[in-house]
Protein chains: 2
Amino acid sequence: MVTIADVARDAGVSASTVSYVLSGKRSISADTRRRVESSIRRLGYHPHAGARALASSRTNVLALVVPLRTDIHVPVVMRFVTSVVTAAREYDHDVLLLTNDEGPDGLRRVAASAIADAILVMDVEAEEPRIPVLQSLLRPVVLIGVPDDPAELSCVDLDFHAAAARCVDHLADLGHEQVALIGPSPTVYERGTSFAGRFLRGFTGTAHERALHACAHSCAPSYEAVRECVDKVFADQPETTGLVVHNEAVLGTVLSELQRRGRRVPDDISVVAVCPEDMAVSFSVPLTTVAIPSNDVGRLAVEMVIRQLDGAAAPEVRLLSPRLNQGHSTAPRR
Amino acid sequence: MVTIADVARDAGVSASTVSYVLSGKRSISADTRRRVESSIRRLGYHPHAGARALASSRTNVLALVVPLRTDIHVPVVMRFVTSVVTAAREYDHDVLLLTNDEGPDGLRRVAASAIADAILVMDVEAEEPRIPVLQSLLRPVVLIGVPDDPAELSCVDLDFHAAAARCVDHLADLGHEQVALIGPSPTVYERGTSFAGRFLRGFTGTAHERALHACAHSCAPSYEAVRECVDKVFADQPETTGLVVHNEAVLGTVLSELQRRGRRVPDDISVVAVCPEDMAVSFSVPLTTVAIPSNDVGRLAVEMVIRQLDGAAAPEVRLLSPRLNQGHSTAPRR
DNA sequence: GAATGGAATCGAAGCGCTTCGACAGTCTCG
DNA sequence: CGAGACTGTCGAAGCGCTTCGATTCCATTC
């Protein structure tokens with residue numbers, strides 16, 4: 001293994017000088033810097049992560065807690081994960097993958113043994129049970145999702161309340177008077193997943209404000225559940241002409257089910273989906289969507305946590321404003 | 001921070017004794033062990049990962065290289081990832097998530113800076129370009145997938161050749177004479193993804209042996225592509241009564257497309273899918289499948305790499321035998 | 001009863017790095 | 001021209017752990 005001492009010898013300087021070249025924490029003459037850098041390259045030197053962590057109490061690793069559930073749409077989760085990894089690398093950090101199945105002890109272990117400098121948590125519930133542990137960790141934490149009481153922890157997420165409002169307003173503006181929401185799986189609501197409740201409240205609240213008839217149904221990700229759910233919508237409100245789908249997993253099934261029933265999109269019924277942008281274009285009708293900005297959220301989470309690590313920022317709650325992308329799945333009511 | 005010295009003082013022994021209690025590398029009297037363990041618990045001691053790595057040259061971290069592509073089915077990827085994480089934790093290891101976008105340098109960096117002890121690689125191509133780098137790393141590597149020339153690297157995967165054979169045999173045994181394969185996206189084949197080619201060869205080879213008429217088509221994950229693909233199948237072979245779908249992303253769409261055309265499953269056409277077991281039951285007809293054993297593969301990959309780390313095993317190629325689960329989507333030809 | 005060997009423990013060295021204080025040399029300015 | 005400030009570099013300490021003798025104590029064995 002190539003050590004800092006090898007580089008120092010090769011460049012004719014001391015080890016500390018090499019360290020300062022690398023960290024930039026003290027000024028170095030241009031000539032020395034050049035020599036050291038060329039030695040580093042020539043020898044293929046990479047600082048030993050453990051040694052560095054030991055000496056500096058910084059690992060340059062972020063821990064990311066991902067959900068193992070399957071009722072939450074996996075491709076969406078994966079988008080967050082990759083955006084976090086990508087952003088982390090830009091700030092010279094790596095990402096350690098954690099699941100919840102070790103429970104709070106897993107978090108304590110990672111924090112106490114200094115495997116990671118900070119922790120990012122996905123799949124946040126409204127009454128998030130992990131908050132006490134996370135607070136006790138004495139490390140920066142960013143929640144991807146917003147619990148009812150963030151308790152001094154950083155949070156970042158799409159503003160799902162506003163997103164729902166945006167959907168309803170769009171449909172109302174187009175003249176639709178009976179609207180329906182097909183939401184996430186019942187299990188998602190039961191668990192109190194933070195974004196689900198926020199969206200639902202935004203939906204019903206705005207529908208009420210705009211004086212629309214509205215109904216909302218959760219929907220499990222199965223063929224039968226979708227069928228049943230669509231049944232319920234038209235049973236509740238036969239004249240429903242505006243549909244908001246907040247459930248990526250059943251989106252395709254809902255569309256083909258509408259088709260099967262002879263309801264044309266957007267002629268007979270307008271559909272707004274809440275999903276990642278690139279998902280919207282993979283259907284026969286490019287969908288009008290409120291995008292889930294996984295990339296922005298992931299990147300922002302990383303930036304927030306890095307700034308906290310640098311002591312340059314206090315915890316804060318950031319809600320991203322929703323953007324509606326007009327597709328061909330919504331049209332004025334006829 | 002609680003250090004080993006704190007524990008030692010608390011238990012009235014030396015630091016090295018605490019270390020030996022933890023590692024079990026020397027014998028310790030029952031009494032001492034008890035005292036040390038209770039001190040550890042009382043003080044909430046967790047060994048500092050960096051210090052440990054420095055002293056022992058072992059990080060207890062496995063790096064996992066995941067694909068960012070979306071033409072490969074994300075939920076399947078995620079299943080592998082979670083099974084790797086879960087298995088790794090059982091062997092007291094954590095998982096560092098790597099993507100390919102740093103290229104070979106990323107691998108070198110992780111290996112040279114001793115961030116991880118070993119590397120697991122997903123999304124392996126037939127002519128895997130990363131093999132030279134991986135070999136130069138001087139660390140255990142396990143490929144999840146089998147390249148044409150593994151070159152002394154460990155590999156583990158489902159035996160896709162045998163899996164295809166199993167599908168075709170099943171259909172042939174049921175009396176079907178014209179069979180078709182709907183395979184992964186064209187981009188997957190173009191890239192030379194290892195499992196795609198192996199499956200395709202298994203399909204055509206076995207169909208030939210069993211004297212069946214067979215055709216195979218790749219299929220992009222879009223509504224139009226599925227439609228076109230199904231068109232092609234029945235244009236090529238109007239009497240096709242056996243269909244193998246090796247493309248999780250379009251499975252649902254293919255089924256509804258068949259339905260749309262009035263081809264009942266399994267009455268008019270038998271369908272065998274290659275997908276994770278739990279995915280098979282989420283359709284209106286529980287599918288006959290050859291399961292992709294993500295859990296077994298992920299766990300096996302971890303076990304192989306751990307055994308190599310312990311010096312207890314040499315690199316090897318492990319192909320898991322396919323298992324066919326009879327569902328309700330296949331029936332004798334009428 | 002001296003020699004042998006095993007069990008249990010300790011002390012010290014060392015893993016590769018960062019960081020602090022010291023110092024020599026060079027500038028700047030009154 | 002000497003005090004003071006700044007620049008660039010070095011040496012040494014120390015981060016928390018593992019591991020290699022060395023040591024002590026006891027039980028065997030002939």
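None of these values were measured; they are calculated from a predicted model. Naming convention: chains lettered A, B, ... in sequence-line order (proteins, then strands); numbering from 1 in each chain.
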Subject >> nucleotides 14-19 of chain C: protein proximity per nucleotide (B base, S sugar-phosphate only, - neither; heavy atom, under 4.0 Å) >> reply: BBBBBB
**OP:** Inspect the surroundings of CD in Gln135(A) and state if more than 12 heavy atoms from other residues, nucleotides or ligands are less than 6.0 Å away.
**Re:** yes
Subject >> Sidechain N-carboxylate O distance under 4.0 Å for Asp71(B), Arg191(B) >> reply: yes
Original post:
In residues 32-41 of chain B, which residues come under 4.0 Å of DNA chain D by heavy atom?
Top reply: none
**OP:** Evaluate whether atom CD of Glu90(B) has more than 12 neighbouring non-hydrogen atoms of other residues, nucleotides or ligands under 6.0 angstrom away.
**Re:** yes
Original post:
Does Arg108(A) pair with Asp105(A) as a salt bridge, N-O distance under 4.0 Å?
Top reply: yes
**OP:** Using whole Å, report how far CZ of Arg9(B) lies from P of dT9(C).
**Re:** 19 Å
Subject >> Nearest non-hydrogen partners of Ala15(B) and Ala8(B), listed with the distance >> reply: N-CB, 3.6 Å
Original post:
Are Leu68(A) and Asn100(A) side-chain neighbours, meaning at least one heavy-atom pair lies under 4.5 Å?
Top reply: no
Below 3.5 Å is the cut-off: list the nitrogen or oxygen pairs between protein and nucleotides 24-26 of chain D, distance only.
none

**OP:** Compare all side-chain heavy atoms of Val141(B) with those of Gln308(B) and state whether any distance is below 4.5 angstrom.
**Re:** no
Original post:
In terms of side-chain heavy atoms, does Ser83(B) have a donor or acceptor partner in Thr86(B) at a distance below 3.5 Å?
Top reply: no
Original post:
Nearest 0.5 Å, what's the OG-CZ distance between Ser19(A) and Arg26(A)?
Top reply: 10.0 Å
**OP:** Return no unless some side-chain N or O of Ser27(B) is found under 4.0 Å from OP1 or OP2 of dA8(C).
**Re:** yes
Original post:
Does a side-chain N-to-carboxylate-O contact under 4.0 Å join Arg307(B) and Asp310(B)?
Top reply: no
